[in-house]
Trainee: 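Handing you a structure now.
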Amino acid sequence: MGARWLRDMAGVILIIAAGVVGYWLFPDNLALLTRVIAVALLVLSLDLITGYCGVASLGQASLFGAGAYAAGIACVNGVTEPVTLVAIGAVAGATAGLLMGTIMLRAHGLAQLVLSIAIVQLFHEAANKASAYTGGSDGLAGLMVSPLFGVFEFDLWGRTAYLFGLALLVVVVVVLKFVVSSPFGMLCRGIKQDPVRIRAMGSYVFPVLLKMFVISGAVAGTGGALAAISTQVVGLDSVSFELSANALVMLVLGGLGTLYGALVGTVIFMGFEHVVSAINPFHWMTMVGALLIAVVLAAPGGLTGLYETFLGAGKRVKGGRT
Amino acid sequence: MPAASLEVRGLSAGYGPTMVLEDVSFSVPSGARLSILGRNGMGKTTLLSSLMGLNRRYGGEILVGGADIASLKSSERARRGVGLVPQTRDIFRSLTVEENLIVGVKDRPRSVIQEAYEMFPRLRERRTNLGWQLSGGEQQMLSTARTILGRPSVLLLDEPLEGLAPVICEELMGAFTRLASSGAMTILLVEQRLESALDFAESVLILERGRIAWQGTSEALRADQGLVEHYIGVGSLH
Amino acid sequence: MSDLFRVEGLTKNFGGLAVSRNISLSMSAGERLALIGPNGAGKTTFVNLVTGQIRPSSGRVVLNGEDITRLGAVPRVRKGLIRTFQVTRLFSQITPEEHVTLTVLQREGRAARILSRFTGNSEVSGEVESILSALGLLDVARRKVGEIAYGQQRLLEIGIALALRPKVLLLDEPAAGVPSSDTPRIEQALERLPPSLAVLMIEHDMDLVFRFAKRVVVLAAGEIIFEGLPADVAANEKVREAYLGNYAHARSIA
Amino acid sequence: MQTILSIAIDAFAYGMALFIICIGLSLTMGLMRVVNLAHGAFAMIAGYIASYAARDLGLGYAVAIFLAIIGTVIISIPLERLLYRRIYGSPELTQVLMTIGITFCIIGITNYFFGPTLKTIPLPGSLSQPVDVGIRTIAGHRLFVMACGLVVAGGLWYLIEKTDFGIKLRATVDNAAMADALGVRTQVIYAISFAIAIGLAALGGVVGAEFLPIEPYYALRYMVTFLVVVSVGGAGSIPGAVVACLLLGAIDTTGRYLMPEFGNFFFYAAVVAIVCVFPRGFFGRAQ
Amino acid sequence: DTIKVGIIGPFSGPFALQGKNFQAGVEAYMALNGKSVKGHDIEVIYRDLPTANPAQSRALAQELVVKDKVQYLGGVYFTPDAMAITPLLKQANVPLVIFNAATSAIMTQSPLVVRTSFTTAQTTSPLGKIAVDRGVKKVISAVSDYGPGVDAEAAFKKAFESAGGQVVEAIRMPLNTNDFSPIMQRIRDSGAEAVFAFLPSGPTTLGFVKAYNETGLKQAGIKFFAPGDLTQESDLPALGDGALGLLTTFHYAVSHDSPENKKFVEAATKAIGGADQLSFPSVGAYDGMHVIYKMIEATDGKQDAQKAVDAVKGLSWTSPRGPVSIDAETRHITENIYLREVAKGADGKTYNKEIQTFPNQKDPGLATQ
Ligand SMILES: Nc1ncnc2c1ncn2[C@@H]1O[C@H](COP(=O)(O)OP(=O)(O)OP(=O)(O)O)[C@@H](O)[C@H]1O
Ligand SMILES: Nc1ncnc2c1ncn2[C@@H]1O[C@H](COP(=O)(O)OP(=O)(O)OP(=O)(O)O)[C@@H](O)[C@H]1O
Ligand SMILES: CC(C)C[C@H](N)C(=O)O
Ligand SMILES: [Mg+2]
Ligand SMILES: [Mg+2]
């Protein structure tokens, strides 16, 4: 038990350290880094239902977008305090999670995946239609967020936004560490492997998964709100299939079911994309594709899996011969 | 295909980095019956599946009818006459009973599946059911029938009586014995029930932690209660 | 009646196939019953019907005088109707200890809690340890289930059932795949079950059946064809023909 | 009445076009258990080949289709050998990662070499003429698409359900190791099935180009449509794919006629409803 | 010294063609007018933003300003992306010259924005009169269901009805429509004499025009009016003969007959690598660069956004598209709108043939505000 605590602590400290290093190393890219954090929250939220519960989703951006639009609409209507906006985003995300879970958990496998696609498309369509509130495809512009704690402005350099985002991320990761190492987290992992077994243990499956959807929604909503606050514009892309699919790709790239995988995947994917698209804005897609292929060939279990493979290679049994 | 002899020389095999079998050598003459005994987890299944080519081989030779098949893929081994009834049955769950049998017939005409139905009438009744719908015992029957339809010259049986009603067990053992003594197949049997194993085979091989611990005739083993207790466990033979 | 558990006229058809035909059966507290029958007779289906995995076409299931036919699988478990699976259903990536802990927490209604930690729960861990040690699983308590021997997995399957504190326990071929050298483990575990517990065991290993059961029910083609004492079963011509064959004879040889 | 009939014809034609494009994906996903998100990329490659053959070389339509299928299959062989073989039997999400990667690469490369403009495949005179079908005129190629769809559906169904090859394929997917142990050359089976699926993608890409025009971004643009159609039908089921394509095609078409501004709502609400009633798709193979 | 200009546009992804046109316009301008202004070397930095994504847009703009120290921002294909950049401009002291994004409202977000493209209302409005002049009284409008589509629908309706026509029905089609036959059926059933259409350039345009021909609407004599997005030159080869006779209004046709345009087309074709890829975003970029050059000239390399913007207010010059000027008040471009008909050239290729000119059009969307 002690060891596990220590490991979790170390993980959180590592995240903070990485965040601070990012701040010193790339002081001119803070808007990008803030965006990475917002997306990392989305990917984390996806990890909760995919990595821990085995419910793959290609519609996770519905929850992110719900948070973003809720925060955005609240902000345009005079609620400009950033922490409140994040709370609004989280609540909206959780509500959307409840809705999405209720629908998605009716199906299994591929059909479930398709439900998630249908849901994100419906959200997208609704956001497009409700242009009076959302700005439709022109985006919801004109968010004037007041300074954080009345002091720190969300400015051009994006320091406030970045540090605020980093703090949010750390809080979320700590909370999620508790969630996934609670009995509830273990139950979810059991359901992922064999729901029939879990039912035979006397536990309903649906409410447990639904609960995780709500938590996941809150996390994604937080990410959405952070994106809205730091960008000051909310676009339809925040409830799109593309964002959902990207989130899934980043998660699988990093590795499922560890929380760290979600973070690693997001940073690597977005960082790589940023670098190659700056080097050659016209033909970088090929490079990203090659990265994905290379990762599958080298580390089928995702990048965090690679790390474990390296660790595991030390303790080979008898083998060595071929 | 008529029965063929089997000879194993210095076989080492396992899973990934885990080596389970070490330097196993034995031989079975054409048309003979060999029982493989050993406690839980001693490597019986590993032995049979590495003869079939389903797991990793670190070294050694496997000669069927004198030809080394150790470097062949399992589909080629099957085509050279090795047939396995796995412990886990491995029914094709999404195929019907009949389709499962069709996969087993290899290059023989489809009509030979009637042989399987004669062996297990129960399967004829369940002909159009999907694999996953079958009861445990029915799956066991299907698995056995499927492999036998391919007329292997060396038949590997991994606990084929598991989960079968006593009356079926009896018939099945009779059938196996007939197949071997008619010269159609050489049979290797892994069986938990010592008595059945000894009744069936003329010779026995005991595995202990992946190595051959004892090899000899059934009679010799039957006679030596101490040996049984040592390798197979107390209270097995009573 | 003092029946703890009773089914009445249980019937189930799969398409044209009648897998259960009008099965009626009752068990009292402390009963040790064996359910045997040819392959495909409908034994596993019976367990599935009783525990609510599948719905009967007609008939009733009664536990403690309460009609539970309409309840789903989960509330039945919560009322103490517990089964094991013919093919083990375990989580290969987690340890036996975690399996049993989760089960105990679940029984206590604490498994869905977010604000507590899974490990390091002293009252629970005591119970977990006693269950694992009773089954001889302490050695492997902290290894991944995927890596332990099949026989031990079967024992764990029983351990999970026990951790749910069943009133009625349905064991589907608990000894299947367990070598004869290890069956005593299972038997001992069964012997140590609380006496008030009603146990129904499906098994093809007749020795185990005869040592265990005080009463035997024989199912063939979905129907009960015999119900009575173990001693009488082997003598019954119908049972012999449908199921046992020359078993009784073989037995006397060894 | 005439309107209804006319809508029905449009719905049928669109449904069949969807079917031809999607059925190959249904095969890979349902039978080979490979979530091949690059399916559309192969359809697009075929489109480029056909466009080149028909427009730049001036070859006939039939020849162009033939060359496109052959060419795409040939291009896919090294990919199958080097990449796809690694992910047979992998978890679905790993496959998603790999095939998205392949898609990105193909898009990038196509864009680099052939530019981002639309490519057309000129139809022969007989197919480009509107044909009078009594109540209205309909483009000749739509009739051709319908015919192709029916032929493909029938042929494929027979191949998979009735022939030894089909049984062996399904056995291989179900349990490759065991199929191997029974003497089935699983790698060959996989390679052939993959080639068939790619061939179908190619056929679909070329024949369906009138509905889904060929351009580099094709694979991603229509990925959602393909995934939805295949899953609603139940991956691997040919009747399922037919029903799903026709039904979704009909809903899409009538929705777009009755209330175009809510077209997407109709479509996706229908998808949600269908999946809630058939949680495994119309003819999903139970697990 | 070197003055950096950051260009944000869709250089990859589904709109890569439009991004390539940005690049072609920029390179053509620099090829024809030199790579330096008053001794200041100009360096252009491209940043890719494949689809509308305001958060990414802001991150790119911020990076260009803070890290790459650009003094001018240009490009931007989509409206929300422009909206995300506007809040930064003042603090960054950087003007934004929009090469494309076509919603009127962007201009009101910041005084440091200048636009050299067009607005949908601007290119669409003349169609109202054109339709009436051609004897059309009843029109059905069919537009893609998103911002620009809705703008087009409103602008056309206003212009057409004030010219005495009547819009009998307004259809909004989802952006991802693949099969347009049901829409055509609806157009036919509406009894209108003509259809007004707006779709973003690309694959759907192709489907729409094909369906218009195949379902017999064209033979039935139902006329077709649209802004030029539908017949952008890079789509014409794919549209083929089916497009012949389509009437569109737009601010630029690659075929525009003027010496300026000849020079431009030659240079831009060289930059883009093929004449058939050239279309309107290139001229937006070309003139955008012109504006930026003028700004640099006025500020002499010093970073002063307000001064730069002020310097180009009222600026007028002869663009490849014809005479243009920057409206001093709205900072949006004033330009000619042309009525064009798709026709077949001597080389057998189709092109947009200018047949009527509506001179000096401002953005009616802004004019009303
Ligand atoms: N997939 C695997 N990966 C790693 N080790 C394995 C694997 N399968 C089996 N083993 C190990 O190999 C050893 C031999 O297993 P095997 O299944 O051959 O035993 P067995 O004699 O057939 O036992 P049983 O009587 O239970 O069937 C065991 O220690 C087991 O833990
Ligand atoms: N879902 C289903 N659809 C069709 N038939 C089924 C289904 N499930 C079970 N069956 C059939 O019902 C019969 C009874 O199956 P069951 O599993 O209850 O047998 P069993 O008595 O447990 O046999 P065994 O001793 O072999 O385990 C079998 O013939 C089986 O094929
Ligand atoms: C191996 C044992 C189960 C055999 C036992 N002596 C019997 O014949 O019943
Ligand atoms: Mg074994
Ligand atoms: Mg059973």
Side-chain angles (χ1 to χ4, degrees), chain B residues 1 48-55 72-110 113 129-133 139 142-153 155-156 158, chain D residues 26-34 81 85-86 88-90 92 157-193 233-241 280-287:
Chain B
M1 240 181 276
L48 293 200
S49 52
S50 51
L51 292 181
M52 191 71 242
L54 293 175
N55 44 24
L72 297 181
K73 282 194 300 199
S74 47
S75 54
E76 298 311 317
R77 298 188 195 196
R79 286 165 180 275
R80 301 234 186 154
V82 185
L84 169 71
V85 178
Q87 184 172 16
T88 41
R89 294 158 191 168
D90 292 72
I91 293 304
F92 300 119
R93 293 165 54 83
S94 60
L95 268 59
T96 63
V97 168
E98 186 143 320
E99 287 170 341
N100 264 282
L101 293 173
I102 289 174
V103 178
V105 300
K106 290 195 200 147
D107 298 329
R108 301 166 72 207
R110 269 191 193 193
I113 55 176
N129 277 63
L130 296 178
W132 67 268
Q133 297 172 329
Q139 292 188 10
L142 179 55
S143 179
T144 303
R146 188 177 61 181
T147 301
I148 288 183
L149 276 185
R151 286 272 173 83
S153 42
L155 177 62
L156 313 172
D158 199 350
Chain D
S26 183
L27 277 192
T28 17
M29 284 185 30
L31 291 182
M32 301 175 66
R33 302 273 157 81
V34 176
R81 285 273 157 134
R85 228 167 243 194
R86 309 284 199 99
Y88 294 145
S90 296
E92 279 138 12
W157 178 83
Y158 182 80
L159 178 73
I160 287 165
E161 297 298 328
K162 296 293 161 200
T163 63
D164 279 5
F165 173 79
I167 294 174
K168 283 180 183 167
L169 167 60
R170 286 183 283 134
T172 303
V173 168
D174 202 313
N175 185 337
M178 191 60 218
D180 230 323
L182 288 169
V184 177
R185 294 192 171 103
T186 51
Q187 293 219 333
V188 178
I189 297 271
Y190 262 126
I192 296 176
S193 317
S237 156
I238 290 159
R280 297 185 193 285
F282 282 124
F283 290 82
R285 291 173 191 268
Q287 293 303 307

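By convention in this document, chain letters (A, B, ...) are assigned in the order of the sequence lines, proteins followed by strands, and residues within each chain are numbered from 1. We use all heavy atoms of the structure for the numbers below, so side chains are in, but hydrogens, waters and symmetry mates are not.
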Trainee: Using a cut-off of under 4.5 Å for heavy-atom pairs, which of B:Val105, B:Asp90, B:Thr88 has the most such pairs with chain D?
Mentor: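 When all of B:Val105, B:Asp90, B:Thr88 are compared, B:Asp90 has the most.
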Trainee: Is it the case that more than 12 heavy atoms not belonging to B:Glu98 sit under 6.0 Å from its CD atom?
Mentor: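 For B:Glu98, atom CD is crowded (more than 12 foreign heavy atoms under 6.0 Å).
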Trainee: Can you name the residues that form a salt bridge (Lys or Arg N to Asp or Glu O under 4.0 Å) with D:Arg81, not counting sequence neighbours?
Mentor: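 Partners of D:Arg81 by the salt bridge (Lys or Arg N to Asp or Glu O under 4.0 Å) criterion come out as none, since no residue qualifies.
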Trainee: Out of B:Gly53, B:Ser74, B:Pro86, B:Ser49, return the one with the most heavy atom pairs under 4.5 angstrom to chain D.
Mentor: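 If we count pairs closer than 4.5 Å to chain D, B:Ser74 comes out on top.
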Trainee: Nearest 0.5 Å, please: how far is CZ in B:Phe92 from CD1 in D:Ile167?
Mentor: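 These two atoms lie 11.0 Å from each other.
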Trainee: Report the C-alpha distance between B:Arg146 and D:Met178 in whole Å, list the side-chain angles of each, state the deciding distance to 0.1 Å, and finish with yes or no for side-chain contact (heavy atoms from CB on, under 4.5 Å).
Mentor: CA-CA 11 Å; B:Arg146 188 177 61 181; D:Met178 191 60 218; 3.4 Å; yes
Trainee: Atom NZ in B:Lys106, atom CG in D:Asp164: separation rounded to 0.5 Å?
Mentor: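 Between atom NZ of B:Lys106 and atom CG of D:Asp164 there are 14.5 Å.
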Trainee: Can you say whether B:Leu95 sits under 4.5 Å from chain D via the side chain, the backbone, both, or neither, judging by heavy atoms?
Mentor: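 Contact with chain D: backbone and side chain both.
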Trainee: In terms of heavy-atom proximity below 4.5 Å to chain D, should B:Ile91 be classed as side chain, backbone, both, or neither?
Mentor: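 Contact with chain D is through the backbone of B:Ile91 alone.
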Trainee: What pairs with D:Thr186 under side chain to side chain donor-acceptor pair (under 3.5 Å), at least two apart in sequence or on another chain?
Mentor: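 So D:Thr186 forms a side chain to side chain donor-acceptor pair (under 3.5 Å) with D:Asp180.
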Trainee: Could you state the interatomic distance from NZ (B:Lys73) to CZ (D:Arg185), rounded to the nearest 0.5 Å?
Mentor: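 These two atoms lie 8.5 Å from each other.
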Trainee: Closest heavy-atom contact between D:Lys162 and B:Arg110?
Mentor: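 The answer is O-NH2, 2.9 Å.
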Trainee: What distance do B:Arg93 atom CZ and D:Asp174 atom CG have between them, rounded to the nearest 0.5 Å?
Mentor: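 The distance works out to 7.5 Å.
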Trainee: Does D:Tyr158 have more than 12 heavy atoms from other residues, nucleotides or ligands lying within 6.0 Å of its OH?
Mentor: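 Counting neighbours around OH of D:Tyr158, 12 or fewer heavy atoms of other residues, nucleotides or ligands fall under 6.0 Å, so no.
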Trainee: Considering all heavy atoms of both residues, which atom of D:Ala181 and which atom of B:Ala78 are nearest to each other, and what is their separation?
Mentor: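 So the minimum-distance heavy-atom pair works out to O-CB, 3.3 Å.
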